[in-house]
Structure formats: structure tokens, C-alpha cells
Amino acid sequence: MAEYSEKQKQCAAKILEIKTPLEANLVFSLYKQPELLENFDFKNEDFIVPGYKCLYQIISVMVLKEKVKEVNEVSVGMFLEAYDKLRTQYEELGGWETIQMGFDYNVEANFESDYNKNIKYSVLLKLLQVGFPIYDKLELKDENGQTWIDKDIQDIYEELDSDFQKIFIKANANFKVEDLADNGEELIKEWNEGALIGIPFKEFPLLTSLTGGLLEKSVILVGAPSNTGKSSLIRCMVLPSLVDCKESCFVILNEEDRAKWLREELIYIANNIQNENITKNQVRNGHYDDKTMNILLKALDYLKGLKQDHLLNFVSFPQYSTNQAIKTIRQASNNGIKNVIIDTFKCDNDRGAARIKAWEMLKENMVNLYNVARERNICILVTCQLNTDCRYLSRNNISESKGIIESASTAILMRSIWDDEKPGGKNAITVYQMEGKQKIIVPLDTNKQYMILFVDKSREGAARTIQIVAEVDWVHNKLKEVGFTNIPYNGTAVQ
């Protein structure tokens, strides 16, 4: 809109009054700790005040583009020799002396909080610019006694999303009665073209056949005892397949941090895609020789090549809650993301056990996740920890929380092969592959590690029939299906 009304001008002035000290604290923090630029996603439009925008532009180009290692009066002066316009603005602001004065008032402990608030007020200004009447929202309190000044950006987004749904609900209120056979030919054609087949699990054709793979409108649960490798399974079996299919993925971290995922994914890429040989111990122990450093940087270049397609996106919360996750999932789906991973599915940190039993909370949260998967036409994969380990894994191993499987579309449970199941053991398993209609025995190597995957539930395939056997090499992050077996079930949870 070309002109602000008087009320909009007052509103913009109020937002700018709140936003100015936030921008100041952020920009002076960046000069004090330039590495923050690598960890937070800033843009020029995040800064409205001309002086702070100028200072941000200087340090962002210095650190992110020119790769300047030390930011001080000398390095800034040398950098500005090539940028006349920025140098003039910088000098008009008072130069390095202004930055030093900013250091005296800078509160680094508030950086992340100020970063989030600054984004919120930038969004509010954009809403104002396109004509949203947000001025009352800044002053009128809701039923919880909060204005938009008190709320975070996620709450504001959810409120706006709810308002839009209410506005357009009548437009979607009509329904029609159809005969079951209507449009049957078109549907059969779509099925024939693969509409019912999900994204395959990497190196797991039989598991894909049993479950349908990563299907839209579904929730897939992957459960395993502690330290068995459920997160590693996702990194080796799911992420590479999504990348192969150019499908964007959103990973919500509730256990391991992004740095751990990056480390593990670099090891996977190096060994599985680039045919290198690098171990977890080499990466963990540091002090890399030139060869190891080059391997890691080459793998990182591969990852950076995926960045323009926004294939791998990660988010973590200070305190995990499924409601917060669902808000984030809805936002991600609005941006075209169709696959979400939650690692690991646990009780909400923001809801006390005294208010709701843990197993009831998990069941309720799984229902909510399934509803959003169907609503947004996406696939959500969650990992969870099994309470007990036994020979035959089933929903009973989730104890009282087994109700979460009721809402899952697919449930895959996994464990390591036991010593007595290896060749020569008392309960040695026989592994098969199919060649046509004939079962061929696949010999296991006693020097290798193996996992057994149990499909406890599959709405689009077969469950509790056979078990998948996979060869694993977690040292190099290698994983592949080798065949299937049949683990006897004695009707109890534990053998």
C-alpha cells in the first residue's frame, strides 16, 4: 500500500520503538562474537534502523563473504577501503568508537531471545505494510491477558492461521455424495503410475514392500532399545532416499543435536557416496591429517550442494513439546515440505507428570501427529525408545505407552542380533532371499554385525509375518538389507 493511515503510522512507530534496542543489541553482539553469524540466519531486512542496518551489512559481508577471521578496528577499516558507500555511512555513525560504546551496553545473554523478538517485529511490520489491521492486537489483551507484544511468533502465526480457517470455513462447508465407483478409471490410472507407493527406504527393498515406504498422510514409528542405533538407522535408511528423490525433509531434534547429525551424515556421505574410508573414531578424535580433513570437506561440499534445494532442514526447541512441533510442522508444510522426522518422540517437557500420566500424554500426542499428517498430506516419522529388549519385539515392548502404535500407520521395531542367533548358536537364525519363487539361504558372517527389524504394524502392507535382517557397520555408517527370517513368538513380551 502506498500510504499509511495515521493509525498505521502510530502502530509502525510503536513497533520501531520496541525494535530499535533489539537491533542494537544484536548488531553489537555480532561484532563482539562474529561466529554468531554462522549459527543464526540473519537477513538485511531484519534491520530497519539505517545505522544498525549499515553495521550489519559491514560485518555480514566481512565474515560470511570475505571470510575475515578477526573483527576489530583495523580489519573493519581495511575492509571498507573497497566499499565507499558503506565507509561513508560508517564514518557518519562515528566509526569504531560507536561500536565500542555499544559493547558497554551490549547484553550477550539476551541474544537468542532478542533474535526471536526481532524476527517477530519484522513480521509485524510486513503485516502492517500489506494492510493487516494489527494495531489493536498490540494493545487489546486476549483471554490469557496477552497482547501480540507478549506472544512469540509461533503463537501469532497459529492465531492468524486459526482466523483464516474460521473465515474460509463456509467456503469448504459444502459436501457431495458420490458413488463408490465414481472416477474409478482415473484413480486406477493414478495407482498404476505409482500414486500408492511411498518413497523407498534406502537399501531396504523388502521393508519398503512390506510397509509401502514413506507414504503421505502417515505416521511411521521406529522403536528400538537404548543405544541400538535408531537415529543412525534414519540417517542411513531415510535421509539418503529423500535426497535421491529430491524430497525436502524437516528434522525436529529432541535428543542429539545438529552438530552430531552433521558429523554422522558426513561419515555416511564419505563412505557410501564418495567411496572413501573414514571411521567415527577418526572424526571424533580430531587432530586430522590432510587426507582426513579433505575427506570431511569434500563430504561437506556435497551437503552444501543440497542447500539450494532446501532438502535437509533441522530445528530444535529449548523445551520440546508436541504442540510446538505441530506448529512448526504446519509452517514447514506451508513451504512445501512433505516429510518430517521427530527424533526422539518423548513426553512433553512443558507438561508436568502430575497433570497427565506419561503414557496418556504420548498416546494423545501421537493422535495429534497423525491428524496433522492427514490434514497436511505429509509423512511424519518418529523414533522412540523401547522399554525392554527381547527376542521377539512387539508393541508390548513399549509397555503402557503401546497405545501410541494405535495411531501410527506403520510401526518398525529393531534390535541387534543376539549372540545365540549367530551361526553356530543355540538359536541360530536362518536368513533367506527370494529368487523368483525360490527361497535362497543367505549365510551370515560371524565377523559382521546385524540388526533385526520387526514390522509390528503396516496399514499398507504386511505385518508380523517375517522379520528383516540388515547388515550394519556403524563404524562407517553403512547399512543394508540382506534378507528375511522368522523369529518365533511365544505369546509373551519377553523370552
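All figures in this text were calculated on a predicted structure; none of them were measured in a lab.
Taking CH2 from W474 and CZ from R235, the interatomic distance works out to 8.5 Å, rounded to the nearest 0.5 Å. Distance check: Q282 CD to H287 NE2 gives 13.5 Å after rounding to the nearest 0.5 Å. Between the CD1 atom in I197 and the CG atom in L214 there is a gap of 12.0 Å [rounded to 0.5 Å]. Note that CD of Q385 is 4.5 Å distant from OG of S226, once rounded to the nearest 0.5 Å. Here CG of D114 is found 11.0 Å from CD of E23. Values are rounded to the nearest 0.5 Å. Rounded to the nearest 0.5 angstrom, I59 CD1 and L64 CG are separated by 9.0 Å.
Between K117 and D152 no salt bridge is recorded (no basic side-chain N to carboxylate O distance below 4.0 Å). In this structure, E471 pairs ionically with K448, as a charged nitrogen and a carboxylate oxygen lie closer than 4.0 Å. A salt bridge is defined here as a Lys NZ or Arg NE, NH1 or NH2 lying under 4.0 Å from an Asp or Glu carboxylate O, and D244 with K202 meets this definition. The pair K53-E45 does not meet the salt-bridge criterion, since no charged nitrogen lies less than 4.0 angstrom from a carboxylate oxygen. Under the 4.0 Å criterion applied to side-chain N and carboxylate O atoms, D309 and K307 are not assigned as salt-bridge partners.
Here the side chains of I380 and I329 are in contact, with some heavy-atom distance below 4.5 Å. N477 is listed as a side-chain neighbour of K280, based on a closest heavy-atom distance under 4.5 Å. Residues V251 and I342 fail the side-chain proximity criterion, which asks for heavy atoms closer than 4.5 Å. Residues E216 and K338 are in side-chain contact: their nearest non-hydrogen atoms beyond the backbone lie under 4.5 Å apart. Side-chain contact between I341 and V238: present, with at least one pair of heavy atoms (C-beta onward) separated by less than 4.5 Å. Contact of the Y121 side chain with the I149 side chain is registered, since non-hydrogen atoms from C-beta on lie closer than 4.5 Å. When side chains are defined from C-beta on, V61 counts as touching F79, because their heavy atoms get closer than 4.5 Å. The shortest side-chain heavy-atom distance between V123 and K126 does not fall under the 4.5 Å cut-off.
What you find for L22 and N118 is that their closest heavy atoms are CD1-N, 4.0 Å. Listed here is the closest heavy atom pair of G223 and L386: C-CG, 3.8 Å. Here the shortest heavy-atom pairing between E460 and T211 reads CB-O, 3.8 Å. Between C11 and I134 the shortest heavy-atom distance is SG-CG1, 3.9 Å. The two residues V63 and P34 have their closest heavy-atom pair at CG2-CB, 3.9 Å. Contact detail for F28 and I99: the closest heavy-atom pair is CE2-CA, 3.8 Å.
Between the side chain of S333 and the backbone N or O of R330 there is at least one donor-acceptor pair closer than 3.5 Å. Judged by distance alone, with hydrogens and angles left aside, the side-chain atoms of T20 form no donor-acceptor pair with the main-chain N or O of E17 at under 3.5 Å. Here the side chain of S248 pairs a donor or acceptor atom with the backbone of H310 at under 3.5 angstrom. For the pair S241 (side chain) and P200 (backbone), a donor-acceptor distance under 3.5 Å is present. Looking only at distances, no side-chain donor or acceptor of Y52 sits under 3.5 Å from a matching main-chain atom of P21. Panel note: side chain K120, backbone W148; a donor-acceptor pair is recorded below 3.5 Å. One N or O on the side chain of N271 and one on the backbone of I267 form a donor-acceptor pair closer than 3.5 Å.
Shown here are the side chain to side chain donor-acceptor pair (under 3.5 Å) partners of N285, two or more places apart in sequence or in another chain: there are none.
In this pair, F40 and F42 present their aromatic rings tilted. The plane angle is within the 30 to 60° band.
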For this session: Apply side chain to side chain contact (heavy atoms under 4.5 Å, CB included) to L36 and S29, showing your working.
Result: CA-CA 8 Å; L36 290 169; S29 293; 4.3 Å; yes
For this session: Could you please spell out the steps behind the side chain to side chain contact (heavy atoms under 4.5 Å, CB included) verdict for C236 and Y268?
Result: CA-CA 7 Å; C236 296; Y268 175 89; 3.8 Å; yes
Exercise. Taking it one step at a time, do M451 and L453 satisfy side chain to side chain contact (heavy atoms under 4.5 Å, CB included)?
Worked result: CA-CA 7 Å; M451 304 284 297; L453 281 67; 4.2 Å; yes
Exercise. Can you check side chain to side chain donor-acceptor pair (under 3.5 Å) on T292 and D289, steps first, answer last?
Worked result: CA-CA 5 Å; T292 303; D289 57 23; 2.8 Å; yes
Exercise. Do L30 and Q33 pass the side chain to side chain contact (heavy atoms under 4.5 Å, CB included) test, and can you show the C-alpha distance, the side-chain angles, and the key distance before you say yes or no?
Worked result: CA-CA 5 Å; L30 293 176; Q33 291 183 276; over 6 Å; no
Exercise. Could you walk me through whether Y56 and F47 pass the ring pair (Phe, Tyr, Trp, His ring centres under 6.0 Å) check?
Worked result: CA-CA 8 Å; Y56 166 73; F47 295 89; 4.8 Å; yes
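Residues N72 and S75 bring a donor and an acceptor atom of their side chains to less than 3.5 Å of each other. For the residue pair Y157 and N334, a side-chain donor N or O sits within less than 3.5 Å of a side-chain acceptor on the partner.
Atom CG of N377 is surrounded by more than 12 heavy atoms from other residues, nucleotides or ligands within 6.0 Å. By the neighbour-count criterion of 12 heavy atoms within 6.0 Å, atom CG of D290 is sparsely surrounded, having that number or fewer from other residues, nucleotides or ligands. In Q274, the CD atom is crowded: over 12 heavy atoms of neighbouring residues, nucleotides or ligands sit closer than 6.0 Å.
For the side-chain hydrogen bond (donor to acceptor under 3.5 Å, both in side chains) condition, the pairs that include at least one residue of residues 86-101, sequence neighbours left out, are D84-R87.
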